[in-house]
Each structure stands twice: as C-alpha cells, then as structure tokens.
Amino acid sequence: MANDDRFGLDWSDDELDFIIVDYFRMLQSELNGMDYNKSAHRRSLVKLIGRTEGSVERKHQNISAVLGELALPTISGYKPLPNFQKSIIDAIERYLTRNPETFALQQPVAGLGEAPNLFIEPAPILESVVHKDKEIVRLIRKFDPVERDFKNRSLGKAGEEVVFMFERQQLIAQGRSDLASNVRWISQEDGDGAGYDIRSYNQNGSERLIEVKTTNGIQTTPFYLTRNELSFSKEKPKEFRICRLYDFAKKPKMFELMPPLEKLVRLEPLSFSASFN
C-alpha cells in the first residue's frame with residue numbers, strides 16, 4: 001500500500017533500481033510481442049516500494065525521457081517526462097553498466113520479404129542549440145548513441161534492407177516493375193565506400209542514391225555522416241538522399257534529407273586525424 005507520508009520525499013537508490021528493472025522487463029515483453037499488464041506492474045511496485053500509482057507512473061515517464069536521449073526504445077504509453085532528477089540518471093547508468101546487453105534490445109528482424117508499412121514523413125526542423133543538463137550530457141557521452149548506432153552493423157544492415165524493399169515496392173506500385181528489378185543494394189553487393197547504400201529510381205527513371213541511417217531512438221537522434229558521404233552529397237546533389245529510419249526497434253518510421261545538408265542539420269566535427277608530418 002502507498003504511504004502518503006512519503007509524498008515529496010526523494011526516491012531512494014533501491015526504489016529507483018526496482019522500478020528500472022521492472023521497466024525493462026515490460027519493454028522486453030513489448031518488443032517480443034508478449035502481452036503484459038502495465039496496471040498490474042504498477043500496482044506491484046506500489047506494494048513493493050510504498051509509492052502512489054501516480055508517482056510510479058511519472059517515474060516511468062522520466063525513465064522514457066532518459067532512454068530517449070540514449071536512442072533506446074521506450075514503452076508505448078509512457079510519454080517522456082523530461083523534468084527528472086539526477087538520481088534517475090545515476091540509476092539508469094547503474095543498470096546499463098550492469099546490463100550492457102540492453103543496448104541490443106529490438107524486435108526480431110525478419111529476412112528479405114515485405115518492408116514495414118512506411119511512408120516518407122516530413123523531416124524535423126533544424127532548431128537553435130538547446131543546452132542540456134550537464135549530467136544528461138555526461139550520460140550521453142558515456143553511452144554515445146551516435147557511435148553505438150554507427151558501429152551496430154546488424155542494425156545498419158536491417159535498416160538498409162527495409163529501405164531496399166521499400167524502394168522496390170514503391171516502384172512496383174507506380175507501375176515501374178522494370179525499374180524495381182534494377183534497384184541495387186550497393187553496400188551489400190559492392191561493399192562500403194561508394195558514398196551511399198542503395199541505388200534506386202524515381203518514377204521517371206532518374207536515379208535516387210540513398211544513404212540509410214538507422215536508429216532505435218527518436219526522430220531527432222543525431223547520426224554519423226562520414227566525410228565521404230558529405231562529399232558525395234555535394235557531387236550528386238540531385239540524386240543523393242539520406243533516408244533516416246528511427247524508432248526501428250518497435251515501429252520503423254522514415255524521413256528523407258536532400259542536399260545541401262548543411263541547411264537541414266547541424267554538422268559538428270567529432271574526431272581528428274593526429275599525425276606527425
């Protein structure tokens with residue numbers, strides 16, 4: 001039973017650890033397509049830690065907010081609530097450090113077949129720089145979602161496969177089966193280095209040279225853009241496109257970016273080449 005005397009008191013480390021473990025159990029069930037009952041989980045936590053149902057639900061939303069910053073999937077229905085305390089950041093850091101397999105959370109990826117129901121939605125608007133709390137910045141640097149997505153070969157390949165199938169299906173639906181049969185998955189057939197992943201076509205036969213960027217995070221999760229990809233976008237501005245897939249672990253969504261990319265995203269150098277001559 002909830003203890004009203006605890007209203008307004010900070011959550012203890014043990015309480016936060018309990019709710020975070022429970023959150024990830026629910027998330028895993030959701031990603032695996034298994035039925036679970038949020039209300040039952042919430043009531044169990046109320047009995048275990050003595051907090052009110054409202055307090056437990058708000059904490060679930062705080063967890064969603066932090067996971068969104070880390071480009072990790074979140075539970076449907078727990079809308080991110082960004083006004084969280086440092087203690088929730090510390091607790092999530094403890095959990096992720098002890099459970100690194102969490103970063104692999106996603107739905108099972110099917111082989112070549114039909115692409116998910118996708119449509120090309122508007123890209124997010126470039127906004128002014130938002131200065132985040134130093135603790136969340138520290139957490140993002142430790143579990144860098146940009147680098148993690150870039151190094152996740154299986155995620156990248158799965159995203160490319162979805163876009164490859166999507167492009168073929170779009171052309172078939174437009175009555176251009178002849179072009180659909182010529183769509184090529186360049187990064188798989190020829191290897192990386194071309195500056196793009198998929199060669200497709202518009203309905204009129206003009207080329208679409210697509211670089212696919214995939215994340216389990218939200219629409220505005222940053223991504224790596226290599227020097228080669230940026231140069232190629234300037235060489236082929238009419239043909240080049242970035243297809244950005246996000247929320248990939250649950251229900252993939254997509255938008256496109258076309259050159260000049262500098263007008264659509266903020267480009268920041270992340271590393272340097274160190275030499276002696």
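- Judged as a ring pair (Phe, Tyr, Trp, His ring centres under 6.0 Å), the pairs with a partner in residues 201-225 (not counting sequence neighbours) are, in order, Phe150-Tyr224.
- Ring geometry, Phe232 versus Tyr196: the interplanar angle falls under 30°, so the pair is classed parallel (tilted spans 30 to 60°).
- The number of heavy-atom neighbours closer than 6.0 Å to NZ of Lys253, taken from other residues, nucleotides and ligands shown, is above 12.
- Glu30 and Ser76 form a side-chain donor-acceptor contact under 3.5 Å, judged by distance and modelled atom types alone.
- Of the charged side-chain nitrogens involved, none lies within less than 4.0 Å of a carboxylate oxygen, so that Arg241 and Glu211 do not count as a salt-bridged pair.
- Residues that satisfy the salt bridge (charged side-chain N to carboxylate O under 4.0 Å, His left out) test with Arg25, not counting sequence neighbours, are absent from this structure.
- Aromatic ring pairs are classed by plane angle as parallel below 30°, tilted from 30° to 60° and perpendicular above 60°; the pair Phe24 and Tyr95 is parallel.
- Partners of Asp178 under the salt bridge (charged side-chain N to carboxylate O under 4.0 Å, His left out) rule, at least two apart in sequence or in another chain, are Arg176.
- Residues Ser187 and Glu160 bring a donor and an acceptor atom of their side chains to less than 3.5 Å of each other.
- Between Glu262 and Lys234, at least one side-chain N (NZ, or NE/NH1/NH2) sits under 4.0 Å from a carboxylate O, which counts as a salt bridge.
- Ion pairing between a basic and an acidic side chain is recognised when a charged N comes within 4.0 Å of a carboxylate O; Lys59 and Glu57 show no such pairing.
- Within a 6.0 Å sphere centred on CZ of Arg266, other residues, nucleotides and ligands contribute more than 12 heavy atoms.
- Looking only at atom types and distance, the side chain of Lys79 has no donor-acceptor partner in the side chain of Ser64 under 3.5 Å away.
- Side-chain atoms of Thr226 and Asn228 include no donor-acceptor pair closer than 3.5 Å.
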